[in-house]
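As C-alpha cells, the structure follows; a few thoughts come after it.
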Amino acid sequence: MANAGLQLLGFILAFLGWIGAIASTAMPQWKVHSYAGDNIVTAQSIYEGLWMSCVSQSTGQIQCKVFDSLLNLNSTLQATRALMVVGILLGLIAIFVATVGMKCMKCLEEDEVQKMRMAVIGGVIFLIAGLAALVATAWYGHRIVQEFYDPMTPVNARYEFGAALFTGWAAASLLLLGGGLLCCSCPRKTSYPTPRPYPKPAPSSGKDYV
C-alpha cells in the first residue's frame, strides 16, 4: 500500500513546481545585461524575458516592450516558449489526474488499485512537465553562455543568467521530485501463496477386509 504522507508530499512539491514554472514563464528577467566591460554604467538595467524586453532606470522607472513579431524571434526563444507552455499545460492535467488518485480523496474508493494507478499516471505527467521545463531552461541558459563567450559578441551586448532562469530550474527540480514521489505509489502485484497439493490416496492392495 502506498504511503499517504509520501504521496501528499509529492503532490505538494509538484504543485509548487508548477506554480514556479508559471512564475518563471511570466517573469521578464530570463537574461540580464552584463557589466563585464570597462565602461560600467549602472544608471539602467536591461533584461529580457520570453515575452518582452525591459529597461529599468535608477529612478525606479521601468519601460518594457513586448515582442511583436513571433516569426522574427530566434529559434531558441520560440522553442523555450513552447516547452514552458507545454510543461505548464501538462502540469495542469497532472494536478487533476493526481488529485483523483490521492488516498485522501474520496474518488475511486471502491477500486484501490485503479486509484493508485491514477496517482502514478499523474506522477508520470508531472515528470514529463518537469523534463520540458528543464530542457527549456537548460537550452536557454546554454545559449546565454555561448553568446557570452563568443568573441564576435560585443562586450556591451552580453547577457548573464536572470532570476527567472533560476526560478525555472528550481521549478523543474520540484516537478521531477514530486512526480517521482507520486510514482512510488505504483501498485505492486499481489503474491498469492502456493496451494499445497492434496495427499494422494494410498494404492489399494486388492484385498477386501471385513
Side-chain angles (χ1 to χ4, degrees), residues 13-92 94 123-181:
L13 291 177
F15 182 78
L16 292 177
W18 180 70
I19 296 297
I22 296 177
S24 174
T25 305
M27 290 172 64
Q29 294 92 357
W30 275 70
K31 62 179 182 179
V32 296
H33 188 264
S34 174
Y35 299 101
D38 297 330
N39 297 326
I40 301 178
V41 180
T42 58
Q44 63 182 11
S45 176
I46 304 173
Y47 45 89
E48 291 185 9
L50 300 182
W51 315 98
M52 64 184 70
S53 60
C54 299
V55 177
S56 176
Q57 306 291 338
S58 59
T59 58
Q61 183 181 5
I62 300 176
Q63 296 178 343
C64 295
K65 181 181 183 302
V66 179
F67 299 140
D68 299 325
S69 176
L70 177 63
L71 300 179
N72 194 31
L73 301 176
N74 58 71
S75 58
T76 301
L77 185 57
Q78 292 182 12
T80 304
R81 273 186 180 183
L83 287 172
M84 292 301 294
V85 171
V86 168
I88 292 173
L89 294 178
L90 287 176
L92 181 61
V124 171
I125 301 176
F126 271 129
L127 288 176
I128 298 175
L131 286 176
L134 182 62
V135 170
T137 51
W139 190 357
Y140 195 94
H142 178 68
R143 182 71 176 179
I144 293 176
V145 173
Q146 277 188 328
E147 293 178 352
F148 186 87
Y149 289 107
D150 188 358
M152 301 300 295
T153 303
V155 176
N156 58 356
R158 294 179 180 179
Y159 288 84
E160 296 181 357
F161 298 154
L165 204 56
F166 294 103
T167 304
W169 283 327
S173 302
L174 290 176
L175 284 169
L176 293 174
L177 181 58
L181 291 177

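When a residue number appears, it is its place in the shown sequence, counting from 1. Every heavy atom of this structure was used, including side-chain atoms; hydrogens, water molecules and symmetry mates were not.
- Under the salt bridge (charged side-chain N to carboxylate O under 4.0 Å, His left out) criterion, the residue pairs touching residues 128-143 are R143-E147, with sequence neighbours excluded.
- Residues satisfying the side-chain contact (heavy atoms from CB on, under 4.5 Å) criterion with S173, sequence neighbours excluded, are absent altogether.
- Between L50 and T80 there is a side-chain heavy-atom pair separated by less than 4.5 Å.
- Looking at every heavy atom in both residues, A172 comes nearest to L134 through CB-N, 3.7 Å.
- Atom CG of L77 is separated from atom CH2 of W139 by 11.0 Å, given to the nearest 0.5 angstrom.
- Evaluated for a side-chain contact (heavy atoms from CB on, under 4.5 Å) with L13, the options L174, L175, L176 yield exactly one hit, L174.
- Listed here is the closest heavy atom pair of G20 and A171: C-CB, 3.5 Å.
- Residues Y159 and I46 are in side-chain contact: their nearest non-hydrogen atoms beyond the backbone lie under 4.5 Å apart.
- Looking only at side-chain heavy atoms (C-beta outward), E160 and F148 come within less than 4.5 Å of each other.
- Checked against side chain to side chain donor-acceptor pair (under 3.5 Å), Q78 has no partners two or more places apart in sequence or in another chain.
- Among all heavy-atom pairs drawn from T167 and M27, the shortest one is OG1-SD, 4.1 Å.
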Requested in this report: Begin with the C-alpha distance, continue with both residues' side-chain angles, and end with the deciding distance and a verdict on side-chain contact (heavy atoms from CB on, under 4.5 Å) for I22 and S24.
Outcome: CA-CA 5 Å; I22 296 177; S24 174; over 6 Å; no
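- The side chain to side chain donor-acceptor pair (under 3.5 Å) test applied to T137 returns W169, not counting sequence neighbours.
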Report task. Please report the C-alpha distance between F161 and K31 in whole Å, then the side-chain angles of each, then the deciding distance to 0.1 Å, and finally whether the side-chain contact (heavy atoms from CB on, under 4.5 Å) criterion is met. Result -> CA-CA 5 Å; F161 298 154; K31 62 179 182 179; over 6 Å; no
Query raised in the report: Between L73 and R81, does a side-chain contact (heavy atoms from CB on, under 4.5 Å) hold up when you go through it step by step?
Result: CA-CA 11 Å; L73 301 176; R81 273 186 180 183; 3.6 Å; yes
Please list every donor-acceptor pair under 3.5 Å in which a side-chain atom of residues 84-92 meets a protein atom from a residue at least two apart or in another chain.
none

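- Atom CD of Q61 is separated from atom OG of S56 by 9.0 Å, given to the nearest 0.5 angstrom.
- Here the closest non-hydrogen pair linking A136 and L83 is CB-CB, 3.6 Å.
- The shortest distance between side-chain heavy atoms of Y47 and S53 does not fall below 4.5 Å.
- Y140 is linked by a ring pair (Phe, Tyr, Trp, His ring centres under 6.0 Å) to W30, counting only residues two or more places apart in sequence or in another chain.
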